[in-house]
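Reviewing the structure listed below.
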Amino acid sequence: LFKVWQEGFANKDSSQVGEFMTDDFEFISTIRTMNKQQTLDWIAAGGNPTSVDDLEVLYENHEIAVITHSAKSFTPQNTGQVMACGKKRDGKFFHWRIVRQVISD
């Protein structure tokens, strides 16, 4: 999911990302909650102007995935570290929650 999500942002194309989501998928962040279509539209629009690097999978099985990655923004006040937890059902994600911690130099 993470790889096609990144490619979707870069190419402004969410067509492959939807294959990894259930119809009742929800994306929850500290600033908003989006359903599947809203998430796909956001990805197709290029997302936030943020580069995502250093992905580390902390834990994953057939029910859950927990990851962390850096998020470098064009504005220093939005640059930080992200932790995400995705819940799976029947091999697809139905819930994706992220928390971003701003890290200052």
Check: Phe27 ring centre within less than 6.0 Å of Trp42 ring centre:
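Ring centroids of Phe27 and Trp42 are less than 6.0 Å from each other.
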List in chain and number order the residues that pass side chain to side chain donor-acceptor pair (under 3.5 Å) with Thr68, two or more places apart in sequence or in another chain; answer none if no residue qualifies.
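Thr68 satisfies side chain to side chain donor-acceptor pair (under 3.5 Å) with Gln81 once adjacent residues are dropped.
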Asn35: which residues meet the side chain to side chain donor-acceptor pair (under 3.5 Å) condition with it, sequence neighbours left out?
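Testing Asn35 for side chain to side chain donor-acceptor pair (under 3.5 Å), a comparison that skips the adjacent residues, returns none.
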Are [X] and [Y] connected in the hydrophobic side-chain network, where two residues link if heavy atoms are under 4.5 Å apart?
{"X": "Met34", "Y": "Val99", "value": "no"}
{"X": "Phe9", "Y": "Leu1", "value": "yes"}
{"X": "Phe25", "Y": "Ile64", "value": "no"}

[X] side chain near [Y] side chain, heavy-atom distance below 4.5 Å:
{"X": "Ile28", "Y": "Ile98", "value": "no"}
{"X": "His95", "Y": "Arg97", "value": "yes"}
{"X": "Thr39", "Y": "Met21", "value": "yes"}
{"X": "Leu58", "Y": "Ile67", "value": "no"}

Kindly write out the residues that satisfy side chain to side chain contact (heavy atoms under 4.5 Å, CB included) with Glu7, not counting sequence neighbours, or none if the list is empty.
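Expected list: Lys3, Val4, Asn11, Gln16.
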For Ser15, which residues count as a side chain to side chain contact (heavy atoms under 4.5 Å, CB included) partner, sequence neighbours excluded?
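Applying side chain to side chain contact (heavy atoms under 4.5 Å, CB included) to Ser15 gives Asp13.
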Is there a donor-acceptor pair closer than 3.5 Å between any side-chain N or O of Ser29 and the backbone N or O of Arg32?
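Yes, Ser29 side chain to Arg32 backbone: donor-acceptor pair under 3.5 Å.
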Using ring-ring contact (aromatic ring centres under 6.0 Å, His included) as the criterion, list what pairs up with Phe93, not counting sequence neighbours.
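If we apply the ring-ring contact (aromatic ring centres under 6.0 Å, His included) test to Phe93, skipping adjacent residues, the hits are Trp96.
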Distance in Å, Ser14 OG paired with Gln37 CD, rounded so as to fall on 0.5 Å steps:
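It comes to 7.0 Å.
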Could you pull out every donor-acceptor pair under 3.5 Å between side chains of residues 82-91 and any protein atom, sequence neighbours left out?
from	atom 1	to	atom 2	distance (Å)
Lys88	NZ	Glu60	OE2	2.6
Lys88	NZ	Asn61	O	2.9
Arg89	NH1	Asp24	OD1	3.2
Arg89	NH2	Asp24	OD2	3.2

